[in-house]
Amino acid sequence: MTFDDLGLSPNLLAAIKDAGYTAPTPIQAGAIPVALTGRDVLGIAQTGTGKTASFTLPLIERLSRGRARARMPRSLILCPTRELADQVAQNVRLYAKNHKLTMALLIGGVAFQPQKEILDKGADILIATPGRLLDHFERGGLMLMGIEIMIVDEADRMLDMGFIPDIEKIFSLVPPRRQTLFFSATMPNEIVRIVNTFLKDPERVEVSRPAQTAETIKQYIVRVSDGSPAGKRAALRAAINRDNVKNGIVFCNRKRDVDIVARSLQRHGFSAAPIHGDLAQAQRTKTLADFKSDQVRILVASDVAARGLDIPAVSHVFNFDIPRNADDYVHRIGRTGRAGLTGESVTLVTGDDKKSLANVAKLIGGEPETLVLDGAATPAPAARSASEKAGDAEGEVKASRSRRASRSKPRGAAEKSEDQAAAKAPPPAPAPANDAQKGKRGARQAKNKDVEAAGFGDHVPDFLLRSAFG
Ligand code: AMP
């Protein structure tokens, strides 16, 4: 199937071509023709599937066929986070470049008045987070009677963030005769109830989760015998020091830990920055930009903050905590191995995580392979960014992928107390990888070669990583 088969006009097809897309993704092929007929759509798809274009393209097409109305927005896209709203706006700008459509981005954390001025001039498309949209409405600066198309993006995340009452209120403020395009990665009961209440006979378009289909993601768990926070931080450093970690996102379950882990990584010489909802918007935007431009190599995030961030080609996902909700595991690891690129996820697991691990194993059909890490210290030389090269005091690390590798040398007295609590290796055993492991590694290295051009950097084989204490 090509984009020409979907019923889009030449102006839009030209913009799609300029974006470099050659064929629609499954969610686009399923949702776009239905949305163009005016029917409601329930799209079950997560970030990375091309879902944003699956609602923005038909939206632009339908709006371009209608007429603008003075001071009355004709469409509304609701997003759970400011970053996601911003990314949707960037998508709309890209695809609507050959159309005369106006847009207002209504997100919290930035000044109110400039948004109001844009609204006063008139906008065809509103892209908003629920709180700020209701703020504008309640202050009388916004009319919603003209909404013909309403889109809800990442509804399950709205639920996680406690936005469902706001969403219900907004549904009650827009005209009942409207088209609704509703997207969610998962369908918890509360979301099913919202769909049943506010959508009219929607066409359900479901695509499989990338994480379940992506053979491009190699998943590992690391059993951290010292499950203390310091022990986990040491294990995390060892995990980051493994072979070809170009860049990565570290997920923590708690906001508090996002800051602690980011600070700890920085102290150990890693180029790392936190991103979570308590940070000022300007700070979040800057951190994200630094990460995208490779100034920051490791982003430490909470689920909520990371949701919807459009970060192409993340080589690694690290779960500092295994998520309590198995669906979050799938969301998180879906940040790597995108669009055919290879990627890896490494999840730290302690003795307290048995239940969460069982939930993940049930969802993905088995436990990820166990990886044994040896030691934890500063970034390995070949994989370092410029800022990381600054502090070299603590030596390097040997990180072995062997399942049974043991710590090869006694640990130095100069290590920090944090390091002493590092992931303890299981009983000593001969270290060399067996043939099967070598074979696997060879295959992966070959694969990684293919993606070097896409920015994964040089692959650094394990044996080139020097031992910290050798
Ligand atoms: P999304 O799931 O909307 O976050 O999209 C994930 C990524 O895929 C974004 O970087 C899009 O620019 C990209 N993308 C969307 N549609 C296509 C397509 N048909 N072909 C190639 N890339 C696409």
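As the structure lists them, so they are numbered: ligands from 1, and atoms in each ligand from 1. What you see below is based on every heavy atom in this structure, not just the backbone, and it leaves out hydrogens, waters and symmetry mates.
- Taking the six-membered ring for Trp and the full ring otherwise, Phe55 and Phe183 have centroids separated by under 6.0 Å.
- A cation-pi geometry, defined here as NZ or CZ lying under 6.0 Å from the six-membered ring centre and within 45° of its normal, does not hold between Lys17 and Phe3.
- Under a 4.0 Å criterion applied to the non-hydrogen atoms of Thr49, ligand 1 contributes the atoms 2 (O).
- For ligand 1, the polar-atom distance check against Thr47 finds no nitrogen or oxygen pair separated by under 3.5 Å.
- Relative to atom 12 (O) of ligand 1, the option among Phe55, Tyr21, Phe3 with the closest non-hydrogen atom is Tyr21.
- Contact check on Glu344 versus Arg242 returns a salt bridge, with a Lys/Arg side-chain nitrogen under 4.0 Å from an Asp/Glu carboxylate oxygen.
- Contacts between Gln28 and ligand 1 below 4.0 angstrom, taking non-hydrogen atoms only, involve the side chain exclusively.
- Relative to the ring axis of Tyr95, Lys97 does not place its NZ or CZ within 45° and under 6.0 Å from the centre.
- Any N or O atom pair closer than 3.5 Å counts here, and Thr22 shares no such pair with ligand 1.
- Ligand 1 has a nitrogen or oxygen under 3.5 angstrom from a nitrogen or oxygen of Ala23.
- Both tests hold for Arg139 against Phe112: distance to the six-membered ring centre under 6.0 Å, angle to the ring axis within 45°.
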- Task: Apply the test side-chain hydrogen bond (donor to acceptor under 3.5 Å, both in side chains) to residues Thr186 and Asp156: give CA-CA distance (whole Å), side-chain angles for both, the deciding distance (0.1 Å), then the verdict.
- Result: CA-CA 6 Å; Thr186 56; Asp156 50 354; 2.6 Å; yes
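- Looking at ligand 1, you won't find any N or O of Pro24 less than 3.5 Å from one of its N or O atoms.
- When each atom of ligand 1 is checked for a heavy atom of Thr52 under 4.0 Å away, the hits are 1 (P), 3 (O), 4 (O).
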